[in-house]
Amino acid sequence: MSKRVVILGGGFGGLAAARSLAKADVEITVIDRTNHHLFQPTLYQVASASLSPGDIAVPIREVLRHQKNARVVLGEVISIDTSARRVEMKCGAYSYDYLLVAVGAQTCYYGHPEWEKYAPGLKTISDAIRIRENILLSFERAEMTEDEKERRKQMTFVVVGAGPVGVEMAGAISEIARNCMSPDFRRIDTSRARVILVEALDRVLLAFDPRMSEKAKRVLEKMGVEVRLKSKITHIDGRGIYFGDEVIETANVVWSAGAAAPPLTKTLGVELDRMGRVKINPDCSIPGHPEGFVVGDAALFMENQKPLPALAPVALQQGEYVGNIIKRGLAPEKRPVFHYHDKGFIAVIGRGKAVLQYRNLTISGFFAWLGWIFIHIAVLVQWRNRYAVTTEWAWYYLGNRPGVRLITGHDLKDEKCST
Ligand SMILES: Cc1cc2nc3c(=O)[nH]c(=O)nc-3n(C[C@H](O)[C@H](O)[C@H](O)COP(=O)(O)OP(=O)(O)OC[C@H]3O[C@@H](n4cnc5c(N)ncnc54)[C@H](O)[C@@H]3O)c2cc1C
């Protein structure tokens, strides 16, 4: 009888594993709580109105439609029973011979879940649409109000966390405010919007070489972003963000300061790090359970005494590696150790501006940005997405017009009058 392989998560790690098992004699079940595979690296462009959700997400069913040994289940897994080899969903359960947990990460507010209401994180399509609508609504409210203080508040945008996502988000907001939106408004000058990037540590883009961090900071500042380093937020509410007694009034905060594994990892009953990631073995298996594996953002894998970064290539390589172990039915003692092939780091700062680091090679500026464009188009899952993204980018970058400035989820009945 064919072995049953249950894969939790149709993201980078889960799909890589499923695809590498395409020709294996196994029955694969991919369970995901969304019906789509999301290309997160370009999610900030949905949040900043330059791409549509459909450009960067594709139904998991469609990705696996020709793979006859795989089926897709839409559902949220709430617990894993490793001794019974079963995963439980709200409605139903699945038994497995092999399990792959590839459930990614979620936004973490370090013990302040109440901040989420004012400072959405960027992980899902719903998050991106919420952020996009907040940004666009702020400009609308600023245009409407007669109150100067309220206008300043609406036109102040704060991004918390200066990793790649924070840098990309702050650069994108500044760019649309300064270069794209001005001709559309009559009463406000959108180019006077204040964009602040807040970081608790002493430099932006911590994963990069310090010289690249410095370069990125200078470019951001040239674009009008205020970069505030060594600044720890103590509170966030409807008025703004607080650093002890100091408050910056803002209606618009984006949180990109932390990620943690989803609570599902706790149900495995094994050792986790403080971010909830499973401390996996050198073959990506769960300690004590050679038939179970965790890959990608939900796993803590140490290489050269350092944890592997939460990046798509890590999840992809681990997913493929586990798929091969399962395909070959390798016993634990025969499995090779997983090695990550470093693909480097890239962060976009704005149009024609990026920083790229690959081992000892560092590039910044236009060529790094071109590199980002080509890499991201190449790794999008389907040709339709590649075509759609290329067209939208051409529209935006050549014409200075982000194409998706729609507000669709806001009910004007809830709007308070400030005039
Ligand atoms: C905004 C943003 C920008 C990024 N930019 C880059 C970049 O430029 N370059 C780069 O290399 N990496 C980037 N990353 C990181 C990269 O996207 C992740 O490292 C990668 O997605 C991890 O893959 P994964 O398979 O572990 O998880 P994911 O790809 O996140 O997939 C996890 C899947 O599991 C599903 N899931 C979660 N919980 C459950 C459950 N309980 N039941 C069922 N399904 C569940 C989710 O719906 C999701 O589909 C970025 C991430 C974000 C959020």
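Atom set for the values below is all heavy atoms of this structure, side chains included, hydrogens, waters and symmetry mates excluded. Counting convention: from 1, in listed order, for ligands and their atoms alike.
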Ligand 1 contact by [X], heavy-atom criterion under 4.0 angstrom:
X	answer
V165	yes
A102	yes
G75	yes

So which bit of A315 gets within less than 4.0 Å of ligand 1, heavy atoms only: side chain, backbone, both or neither?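 For A315, the contact with ligand 1 is made by the side chain alone.
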Can you check which of [options] brings a heavy atom nearest to [atom]?
atom	options	value
atom 8 (O) of ligand 1	A128, G296, P41, S79	P41
atom 28 (P) of ligand 1	G11, G163, A16, A299	G11
atom 51 (C) of ligand 1	H376, H36, Q40, H37	Q40

Check the orientation of F157 and F139. Use parallel for under 30°, tilted for 30 to 60°, and perpendicular for over 60°.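 Tilted: the ring planes of F157 and F139 meet at 30° to 60°.
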Please work out which of the three classes, parallel, tilted or perpendicular, describes the rings of H112 and W115, given edges at 30° and 60°.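 Because their plane-to-plane angle is under 30°, the rings of W115 and H112 count as parallel.
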Partners of S20 by side chain to side chain donor-acceptor pair (under 3.5 Å), sequence neighbours excluded?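 Scan of S20 (side chain to side chain donor-acceptor pair (under 3.5 Å), adjacent residues dropped) gives none.
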Among residues at least two apart in sequence or on other chains, which ones pass side chain to side chain donor-acceptor pair (under 3.5 Å) with K266?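 With sequence neighbours excluded, K266 shows a side chain to side chain donor-acceptor pair (under 3.5 Å) to no residue whatsoever.
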Are side-chain heavy atoms of V73 and V30 found at a separation under 4.5 Å?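 No; the side chains remain at least 4.5 Å from each other.
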Examine [X] against ligand 1 and note whether any of their N/O atoms are separated by less than 3.5 Å.
X	result
A105	no
D32	yes
V77	yes
P262	no

Relative to the heavy atoms of [X], which atoms of ligand 1 are at a distance of less than 4.0 Å?
X	value
A310	15 (C), 19 (O)
G9	33 (C), 34 (O), 35 (C)
G13	25 (O)
G104	26 (O), 27 (O), 30 (O), 32 (C)

Before accepting this row, confirm whether a basic side-chain N of the pair R85/E291 lies closer than 4.0 Å to the acidic partner's carboxylate O.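 Salt bridge between R85 and E291, a charged N being under 4.0 Å from a carboxylate O: yes.
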Check R4 with E27, please: is the shortest side-chain N to carboxylate O separation under 4.0 Å?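 Looking at E27 and R4, the cut-off is not met.
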When you compare the side chains of S83 and D81, does any donor N or O come within less than 3.5 Å of an acceptor on the partner?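 There is such a pair (donor and acceptor under 3.5 Å, judged by atom type) between the side chains of S83 and D81.
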Backbone N or O of N35 within a donor-acceptor pair of the D32 side chain at under 3.5 Å?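 Checked: no pair found.
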Within 45° of the axis and under 6.0 Å from the centre of the six-membered ring of F243, does NZ or CZ of R228 qualify?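 Because its charged atom sits under 6.0 Å from the ring centre and within 45° of the axis, R228 does stack over F243.
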